[in-house]
There are 2 protein chains.
Amino acid sequence: MEAGMAVETIQREMTVFARRARASAGRLHPELSLVSYTLLGHLEERDGCRATDLAAHYALDKSTVSRQVAALERTGLVERRQDPEDHRVQVLLLTEAGRHILGQVTVSRRAAVGERLADWSQEDLERFAGYLVRYNAWPRSG
Amino acid sequence: MEAGMAVETIQREMTVFARRARASAGRLHPELSLVSYTLLGHLEERDGCRATDLAAHYALDKSTVSRQVAALERTGLVERRQDPEDHRVQVLLLTEAGRHILGQVTVSRRAAVGERLADWSQEDLERFAGYLVRYNAWPRSG
DNA sequence: AGTACTGGTTGCAGAGTACAACTCGCGCGG
DNA sequence: CCGCGCGAGTTGTACTCTGCAACCAGTACT
């Protein structure tokens, strides 16, 4: 395989994945959209953060994040807390309910993804995961 | 790394990629949405196919594909041709203009993606591409 | 012929998104 | 202290993508 070819394959296959993920997310978990899920996931991973951080990480407009967070707060999955240091910022935190839902969805998603990865060797899994992390670690969007 | 952990990382990182891809696609090529781009790409790869095939491959509803294709036809990037064998089906083909645009976008996208992959070894690139293909080859959506 | 199936279009409704304009709070140079 | 710019977040608006359901047209099997 030539280098440009591999790059193109990577880009094409990532996109296929993206489309299918969106589709299956809606079907499997009507209660939690893919966007909401990823936002909650980020909150859990970072143990709380600002709306702006979410926007930056997912290359979303701050207005989009604002609305998503508002919805998540309405359904009681996240909680906002004023930063005592700076009254402009709101620290976003998972509520107990949020943590619970996220756990459930994660389990069933892991099952779905795990099914396709069932016959992969542990070595391949780790290498694949490592490649993805490395790819996304690049600061610029792409 | 434990197996479930790797699976979760894979799923999370793929999603991050998906979100960023969407964002940058809209910014870099206002003339060709990410969806349109992928559809054109598929048409090129397969050298023409039916709308239903596109829907199945990207886990999209046929109505969505129908509309996307209609738009692409309106802008002269694809051409529909009645299948003489079966008058229900329309074979979709890239026009010359479509092939041209696709080429341009592919080049600039490859540049953007290639930048992040610039310092990867050829071996890693190929292995990464191989993993993605293998992942997506699974018949069920996920 | 009649029934079931397939490919595709259209009406509708909802989610996600960006952009622009705005408010509010912080910090800095007069 | 005051005004000015900046950063965080919200709201108004408009648009795209999407799925579902209802539908039409053509095919296939009996």
Side-chain angles (χ1 to χ4, degrees), chain A residues 15 18-40 43 48-75 78-93 141, chain B residues 15-16 18-40 48-75 78-93 141:
Chain A
T15 306
R19 305 220 59 75
R20 302 220 262 234
R22 160 189 266 279
S24 76
R27 240 167 252 119
L28 286 177
H29 311 288
E31 77 279 10
L32 197 59
S33 79
L34 182 58
V35 200
S36 308
Y37 174 72
T38 58
L39 296 186
L40 290 186
L43 285 184
C49 70
R50 303 175 307 162
T52 297
D53 300 333
L54 293 176
H57 190 249
Y58 293 107
L60 289 169
D61 191 81
K62 56 183 180 167
S63 65
T64 300
V65 174
S66 172
R67 278 182 252 264
Q68 292 289 335
V69 168
L72 289 173
E73 190 190 25
R74 236 177 289 122
T75 50
V78 300
E79 173 192 3
R80 315 192 208 205
R81 200 166 297 169
Q82 282 269 332
D83 182 341
E85 306 280 303
D86 184 339
H87 282 218
R88 291 171 301 182
V89 320
Q90 309 171 349
V91 178
L92 305 174
L93 295 167
S141 67
Chain B
T15 305
V16 170
R19 306 222 56 77
R20 302 219 262 233
R22 159 188 266 278
S24 76
R27 242 167 252 119
L28 285 176
H29 312 287
E31 78 278 10
L32 198 60
S33 79
L34 182 59
V35 200
S36 307
Y37 173 73
T38 58
L39 296 186
L40 291 186
C49 71
R50 303 175 306 164
T52 297
D53 300 333
L54 293 175
H57 190 248
Y58 292 107
L60 288 170
D61 191 82
K62 56 184 182 169
S63 66
T64 301
V65 174
S66 172
R67 280 182 252 263
Q68 293 289 337
V69 168
L72 289 174
E73 189 189 26
R74 236 178 288 121
T75 50
V78 300
E79 172 191 3
R80 315 193 207 202
R81 199 166 296 170
Q82 282 271 331
D83 182 340
E85 307 277 306
D86 184 338
H87 283 216
R88 289 171 302 183
V89 322
Q90 307 171 348
V91 178
L92 305 174
L93 295 167
S141 68

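We name chains A, B, ... by the order of the sequence lines, and we start the count at 1 in each one.
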In Å, rounded to the nearest 0.5 Å, how long is the span from [atom1] of [X] to [atom2] of [Y]?
{"X": "B:Leu72", "Y": "B:Leu92", "atom1": "CG", "atom2": "CG", "answer": "9.0 Å"}
{"X": "B:Leu93", "Y": "B:Arg80", "atom1": "CG", "atom2": "CZ", "answer": "12.0 Å"}
{"X": "A:Leu60", "Y": "A:Gln68", "atom1": "CG", "atom2": "CD", "answer": "8.0 Å"}
{"X": "A:Leu43", "Y": "A:Leu54", "atom1": "CG", "atom2": "CG", "answer": "5.5 Å"}

Problem - Donor-acceptor contact below 3.5 Å, side chain B:Arg88 vs main chain B:Asp83 - result: no
Problem - Under 3.5 Å: donor-acceptor pair, side chain of B:Ser66, backbone of B:Lys62 - result: no
Problem - Which residue lies more 5' along DNA chain D, comparing B:Asp61 with A:Arg67 via nearest heavy atoms - result: A:Arg67
Given atom [atom1] of [X] and atom [atom2] of [N], what is their separation to the nearest angstrom?
{"X": "A:Tyr37", "N": "C:dG16", "atom1": "OH", "atom2": "C1'", "result": "19 Å"}
{"X": "B:Leu92", "N": "C:dG7", "atom1": "CG", "atom2": "P", "result": "13 Å"}
{"X": "B:Asp86", "N": "D:dG26", "atom1": "CG", "atom2": "P", "result": "10 Å"}
{"X": "A:Leu60", "N": "C:dA15", "atom1": "CG", "atom2": "P", "result": "17 Å"}
{"X": "B:Glu85", "N": "C:dT6", "atom1": "CD", "atom2": "C1'", "result": "16 Å"}
{"X": "B:Asp83", "N": "D:dA28", "atom1": "CG", "atom2": "P", "result": "11 Å"}
{"X": "B:Leu54", "N": "D:dC17", "atom1": "CG", "atom2": "P", "result": "15 Å"}
{"X": "A:Gln82", "N": "D:dA8", "atom1": "CD", "atom2": "P", "result": "14 Å"}

Hey, is the side chain of [X] poking within less than 4.0 Å of OP1 or OP2 on [N], counting only N and O atoms?
{"X": "A:Arg80", "N": "D:dA8", "answer": "no"}
{"X": "B:Gln90", "N": "C:dT9", "answer": "yes"}
{"X": "B:Thr64", "N": "D:dG19", "answer": "yes"}

Exercise for the section: Assess whether one donor atom and one acceptor atom, taken from the side chain of B:Ser33 and the base of D:dC17, lie less than 3.5 Å apart. Expected result: no
Practice task
Assess whether one donor atom and one acceptor atom, taken from the side chain of B:Arg88 and the base of C:dT6, lie less than 3.5 Å apart.
Solution key: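 When only heavy-atom distances are counted, B:Arg88 does reach the base of C:dT6 through a donor-acceptor pair under 3.5 Å.
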Taking the side chain of [X] as heavy atoms from C-beta outward, which of [options] is closest to it?
{"X": "A:Arg50", "options": "D:dG26, D:dA8, C:dG25", "result": "D:dA8"}
{"X": "B:Lys62", "options": "D:dA22, C:dG25, C:dA18", "result": "D:dA22"}
{"X": "A:Gln68", "options": "D:dT27, C:dG7, C:dG16", "result": "C:dG16"}

Completion exercise
The residue, B:Asp53 or A:Ser36, whose nearest nucleotide of DNA chain C is more 5′ is B:Asp53
Practice task
Starting from the 5' end of DNA chain C, give me the residue, B:Arg22 or B:Val91, whose nearest nucleotide shows up first.
Solution key: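 Whichever sits nearer the 5' end wins; that is B:Val91.
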Practice task
Select base, sugar-phosphate, or nothing to describe what A:Val65 touches, counting heavy atoms under 4.0 Å on all strands.
Solution key: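 Result for A:Val65 = nothing.
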Exercise for the section: Would you indicate what B:Thr52 reaches in the nucleic acid, counting non-hydrogen atoms under 4.0 angstrom: base, sugar-phosphate, or nothing? Expected result: sugar-phosphate
